[in-house]
Number of protein chains: 2
Amino acid sequence: MSNFEALFDYIQEISGKLLSEDDKHLLMAHFKPKKLRKRQYFLQEGDVCKYIGFIVKGSARTFTVDEKGHEHILKLSLENWWLADFESFYLLTPSRFNIEALEDLEVLQSTNAQIEEYLKQIPAFSAMANVISQNYTIANQKRMQAAMSYTAEERYEDLVSNYPQFLQRFPQNMIASYLGLSPETLSRLKKNSFK
Amino acid sequence: MSNFEALFDYIQEISGKLLSEDDKHLLMAHFKPKKLRKRQYFLQEGDVCKYIGFIVKGSARTFTVDEKGHEHILKLSLENWWLADFESFYLLTPSRFNIEALEDLEVLQSTNAQIEEYLKQIPAFSAMANVISQNYTIANQKRMQAAMSYTAEERYEDLVSNYPQFLQRFPQNMIASYLGLSPETLSRLKKNSFK
DNA sequence: ACCCTGGATTGACTTATATCAAGCGTATTT
DNA sequence: AAATACGCTTGATATAAGTCAATCCAGGGT
């Protein structure tokens, strides 16, 4: 009995439309609750990302491992975010990413085929998808700009003001990796910014 | 009499659907041809991006200027690409970007309100939008990963294999800025990679 | 044909960030 | 409660890339 209310609320809020009872039953029929314990993997590099997950509770990171064995975090995800490697999910290609629970994680997951169904059947769902797509495009554009034009310190300040929750929920070395910094550099940077 | 055929072909190819004669007339009614000479601006920082443009001919760059007066290129665009600051275009906020023609440029441009109309009225157009949205998401994910985990040299090689046209069409200092490098660094990097 | 501008290259030097290594405190496991 | 692992900090050093400056070359404009 996972909490579908979080998903319903989210869809209605983002789309600005209401879900009918039929809509809700359709969603409940094919979104499957899944629980992962901290450290468990939602997706492993090399596997196809068959499911997209809606985070009801907990957090996760999406990361790659380079040839030298260094990890790079591309995404940190919290409640009410979607979890997937979209490239693999859309194209059914093996993923280059790992997605790992950073805290005990509850998701509602569904397949691409089923999502396509929802897009056709549920107006609120399709409206939500359009809004999300816009938001992603905007967020990506911003993050890309930040990565290219900002100094490490500016990127950190940006994160502090835009995602203050991250500081509460994720250890500093994860934040560092997300910002493209070594943990040492982030530590020093914070110390210096007090002056 | 600008060339709408390029736009029609593009929509049909990406969407996998055909445009009816009515569809085409609708598109021709509200996409306005616009020509810019090299160096002219499609969008200036501080203005709202009222139009989205489909590039029929020519090229452009999207860039910011930081406090030190340094330019950072976020996007290089060629024929059959869409030109806009999506954040400003969707939200009607003043743009933080400049979009400048790098070669004489022919676009077909339209407003957001009109695009919404097309999405409702023209099935091929709406299918195209979904495909583009997927492609953008995938491309952004890749570029972000490249920016975070790759060395300058790997990013350059990536560009050489994925966008070889860029090397033909854009001067090296623009490529450098797009890769987040100084022109000097790119020059040296190319020299060394011969060894 | 000439000038002039923009782009590319090269050298010398500076700076930001990574790397390696050690030490410390706190939470987690058993 | 002891043992262990994890995360954070700090110092010393290395490295990649940026900056500044000079030169050279080619193409476009007059």
Side-chain angles (χ1 to χ4, degrees), chain A residues 37-40 58-61 63-73 76 100-104 146-160 166-195, chain B residues 37-40 58-61 63-73 76 100-104 146-160 166-195:
Chain A
R37 302 204 45 210
K38 187 174 174 173
R39 304 285 166 97
Q40 280 190 301
S59 61
R61 63 177 181 137
F63 67 100
T64 50
V65 183
D66 68 23
E67 329 75 64
K68 291 182 196 147
H70 295 153
E71 298 180 352
H72 302 273
I73 296 182
L76 290 170
E100 182 201 29
L102 289 178
E103 303 168 325
D104 290 353
M148 305 225 11
S149 351
Y150 289 4
T151 64
E153 189 159 356
E154 288 168 328
R155 294 205 303 277
Y156 178 68
E157 281 161 10
D158 216 47
L159 178 133
V160 171
F166 281 16
L167 303 177
Q168 315 303 323
R169 299 285 290 273
F170 302 114
Q172 193 170 301
N173 59 351
M174 298 289 167
I175 303 274
S177 174
Y178 176 76
L179 292 172
L181 299 172
S182 69
E184 292 95 333
T185 298
L186 180 55
S187 172
R188 287 187 246 263
L189 184 158
K190 284 174 71 175
K191 193 174 59 163
N192 291 333
S193 72
F194 276 116
K195 288 176 190 168
Chain B
R37 303 203 46 210
K38 188 174 174 172
R39 304 285 165 98
Q40 279 190 301
S59 60
R61 65 177 179 136
F63 68 100
T64 50
V65 182
D66 68 23
E67 328 77 65
K68 291 183 197 149
H70 294 152
E71 298 180 352
H72 302 273
I73 297 182
L76 290 170
E100 182 199 32
L102 288 179
E103 303 169 324
D104 290 352
M148 305 226 12
S149 348
Y150 289 4
T151 64
E153 189 159 355
E154 287 168 329
R155 294 206 303 277
Y156 178 68
E157 281 161 9
D158 216 47
L159 179 135
V160 171
F166 280 15
L167 303 177
Q168 316 302 324
R169 298 284 290 273
F170 302 114
Q172 194 169 301
N173 59 350
M174 299 288 166
I175 304 275
S177 175
Y178 176 77
L179 291 172
L181 299 172
S182 69
E184 293 95 332
T185 299
L186 180 55
S187 172
R188 284 187 248 264
L189 183 158
K190 285 174 70 177
K191 194 174 58 164
N192 291 332
S193 72
F194 276 118
K195 288 176 189 168

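Lettering follows sequence order; numbering is per chain, from 1.
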Taking every heavy atom of A:Met148 against every heavy atom of B:His72, the minimum-distance pair comes out as O-ND1, 3.7 Å
Heavy atoms of chain B, cut-off under 4.0 Å: which first and last nucleotide of DNA chain C, 5' to 3', fall inside that, if you could look?
C:dG7 to C:dA12
Side chain to side chain contact (heavy atoms under 4.5 Å, CB included) between A:Leu181 and A:Leu189, intermediate numbers included:
CA-CA 10 Å; A:Leu181 299 172; A:Leu189 184 158; 4.1 Å; yes
Side-chain donor/acceptor of A:Glu184 to base of D:dC8, under 3.5 Å:
no
Going from CD on B:Glu71 to CZ on B:Phe63, what distance comes out if it is rounded to the nearest 0.5 angstrom?
4.5 Å
Given that B:Met174 and A:Thr185 both sit by DNA chain C, which one's nearest nucleotide is further toward the 5' end?
B:Met174
Less than 4.0 angstrom between a side-chain N/O of A:Asn173 and OP1 or OP2 of D:dC8, yes or no?
yes
Is any side-chain N or O of A:Gln172 closer than 4.0 Å to OP1 or OP2 of D:dC6?
no
Would you kindly give the CG-to-C1' distance between A:Asn192 and D:dG11, to the nearest whole Å?
14 Å
Whole-Å distance, A:Leu167 CG to D:dC8 C1', equals 15 Å
Without decimals, in angstroms, what is the distance between B:Asp104 CG and D:dG28 P?
13 Å
Report the C-alpha distance between B:Leu186 and B:Gln172 in whole Å, list the side-chain angles of each, state the deciding distance to 0.1 Å, and finish with yes or no for side chain to side chain contact (heavy atoms under 4.5 Å, CB included).
CA-CA 8 Å; B:Leu186 180 55; B:Gln172 194 169 301; 3.6 Å; yes
Interatomic distance where CG belongs to A:Leu189 and P belongs to D:dC8 [whole Å]
14 Å
Tell me whether B:Arg155 contacts the main-chain N or O of B:Leu179 through its side chain, where contact means a donor paired with an acceptor under 3.5 Å.
yes
Value in whole Å for how far the C1' atom of D:dT10 lies from NZ of A:Lys190:
15 Å
Spacing between B:Arg188 atom CZ and D:dC20 atom C1', to the nearest angstrom
11 Å
Salt bridge (charged side-chain N to carboxylate O under 4.0 Å, His left out) between B:Glu103 and B:Lys38, intermediate numbers included:
CA-CA 5 Å; B:Glu103 303 169 324; B:Lys38 188 174 174 172; over 6 Å; no
D:dG18 P sits how many Å from A:Tyr150 OH, rounded?
18 Å
Round to the nearest Å and state the distance from B:Asp66 atom CG to D:dG18 atom P.
13 Å
Can you tell me how far apart CG (A:Asn173) and CD1 (A:Ile73) are? Round to the nearest 0.5 Å.
7.5 Å
